[in-house]
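Down below is the structure, laid out as structure tokens.
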Amino acid sequence: MSIAASSIAQQAFRYMETSELASFGDDSDQARAAAEQFPQTRNAALARADWSFASELISLSEAQTAVADPDLPYAFVLPSRVLKLREVKADPRPRWRIDRRLLRADMAGPILIRATVQIDDETKLPAEFQNYVSRRLAAALSPRFASAANRARLLMEAAEADFEEALLADRAQASAERWDGRDPTYSDDWVGEVVR
């Protein structure tokens, strides 16, 4: 685990008000539990919203599949780093569906998508987002390591406040006007709105 990931985990143990984690590298129960929970906690936090720092445009080529869907005959393999597909960029807009790691669509490729992707280098995560991940990690670990019975609930409530703060810090990362050609009153996951 990176130094930044270790710092996030250290903060999680501070939030639990327990003894601090020495390091991810030691053989303690704390280190093993933190190392086990950290990747899924970080990835769940990334997938939860359309963060600018985790958004990526990806061009996908068609893939051959064993079974074709007659309604959505074209298939594209989503890279493993894709946590959540946000948009299929094509005109006209295709119909599509995700089956496991396959994007099935009614248009031929190559196809351009915008997705939230996994970030393994935690130094590239904004401070507000790191704090949100720390609090979520603390909530996940607290039933095992915190003494107070209601600590997990309190930590999740605090994590929700951290989530809102991280969203506010990230929201002004695009032009205020729509750039996707849709009607300005169309409300999907536009940048100025709080997205969950």
Side-chain angles (χ1 to χ4, degrees), residues 1-16 18 20-61 63 76-89 98-103 110-142 144-145 152 155-156 158-174 189 191 194-196:
M1 289 286 189
S2 69
I3 291 172
S6 184
S7 297
I8 291 170
Q10 289 281 10
Q11 184 64 33
F13 281 91
R14 286 187 207 105
Y15 284 142
M16 285 188 287
T18 64
E20 290 189 29
L21 180 66
S23 78
F24 268 136
D26 69 23
D27 195 34
S28 67
D29 284 345
Q30 289 176 318
R32 283 192 299 273
E36 173 189 294
Q37 290 294 316
F38 179 78
Q40 72 184 45
T41 300
R42 179 203 56 213
N43 289 349
L46 285 166
R48 185 166 178 200
D50 193 359
W51 307 104
S52 65
F53 57 86
S55 182
E56 186 175 320
L57 285 175
I58 303 167
S59 180
L60 302 177
S61 298
F76 308 86
V77 177
L78 291 172
S80 60
R81 70 184 185 279
V82 170
L83 297 174
K84 185 149 187 157
L85 178 64
R86 300 291 175 183
E87 182 181 6
V88 176
K89 300 184 77 61
I98 295 177
D99 293 339
R100 293 192 180 189
R101 300 304 299 174
L102 276 184
L103 169 65
I111 200 166
L112 187 64
I113 64 167
R114 191 174 65 79
T116 298
V117 297
Q118 181 175 317
I119 297 176
D120 293 322
D121 181 356
E122 287 77 19
T123 62
K124 298 198 182 329
L125 300 174
E128 296 88 356
F129 184 81
Q130 288 186 36
N131 193 53
Y132 169 51
V133 173
S134 290
R135 196 92 64 174
R136 279 189 67 137
L137 183 60
L141 295 172
S142 65
R144 182 167 177 188
F145 296 106
L155 287 166
M156 276 310 290
E160 284 304 302
D162 291 338
F163 173 69
E164 296 294 333
E165 184 178 329
L167 275 176
L168 284 173
D170 190 58
R171 78 186 277 190
Q173 301 299 314
D189 63 350
V191 129
V194 175
V195 180
R196 298 197 173 103

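Given the structure is predicted, the values throughout are model-derived calculations rather than measurements.
Smallest separation of non-hydrogen atoms from S134 and A12: O-CB, 3.3 Å. Between A9 and A34, the shortest heavy-atom contact is CB-CB, 4.3 Å. Residues L167 and A49 share a closest heavy-atom pair of CD2-CB, 3.8 Å.
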Could you walk me through whether N131 and E165 pass the side chain to side chain contact (heavy atoms under 4.5 Å, CB included) check? CA-CA 10 Å; N131 193 53; E165 184 178 329; 5.5 Å; no
Going through the checks in order, is the salt bridge (charged side-chain N to carboxylate O under 4.0 Å, His left out) test met by E164 and R171? CA-CA 10 Å; E164 296 294 333; R171 78 186 277 190; over 6 Å; no
Please test V77 against L60 for side chain to side chain contact (heavy atoms under 4.5 Å, CB included), starting from the C-alpha separation and ending with a verdict. CA-CA 7 Å; V77 177; L60 302 177; over 6 Å; no
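Partners of D162 under the salt bridge (charged side-chain N to carboxylate O under 4.0 Å, His left out) rule, at least two apart in sequence or in another chain, are R135. Residues satisfying the salt bridge (charged side-chain N to carboxylate O under 4.0 Å, His left out) criterion with R101, sequence neighbours excluded, are absent altogether. Among residues two or more places apart in sequence or in another chain, the side chain to side chain contact (heavy atoms under 4.5 Å, CB included) test is passed with N43 by L46, L83, Q118. Remark: I98 engages L78, L85, W96, L103 in a side chain to side chain contact (heavy atoms under 4.5 Å, CB included) (not counting sequence neighbours). In this structure, the side chain to side chain contact (heavy atoms under 4.5 Å, CB included) partners of Q37, at least two apart in sequence or on a different chain, are Q40, T41, L137, A140, L141. Shown here are the salt bridge (charged side-chain N to carboxylate O under 4.0 Å, His left out) partners of E56, two or more places apart in sequence or in another chain: R81.
D170 has its side chain out of reach of P126: every pair of non-hydrogen atoms, C-beta onward, lies at least 4.5 Å apart. Residues D29 and R144 are in side-chain contact: their nearest non-hydrogen atoms beyond the backbone lie under 4.5 Å apart. Taking 4.5 Å as the limit, every side-chain heavy atom of M16 sits out of range of all side-chain heavy atoms of Q30. In this structure, Y132 and E128 have side chains that are not in contact, with every pair of non-hydrogen atoms separated by 4.5 Å or more. Side chains of R42 and D120 form a contact here, defined as non-hydrogen atoms less than 4.5 Å apart.
To the nearest 0.5 Å, atoms NZ (K84) and OG1 (T116) are separated by 8.0 Å. In this structure, CG on D50 lies 4.5 Å from CZ on R86, to the nearest 0.5 angstrom. Interatomic distance, E87 CD to L57 CG, rounded to the nearest 0.5 Å: 8.5 Å.
Side chain of Q130 to backbone of L125: a donor-acceptor contact under 3.5 angstrom is found.
Classification of the F129-W51 ring pair by plane angle, with boundaries at 30° and 60°, yields perpendicular.
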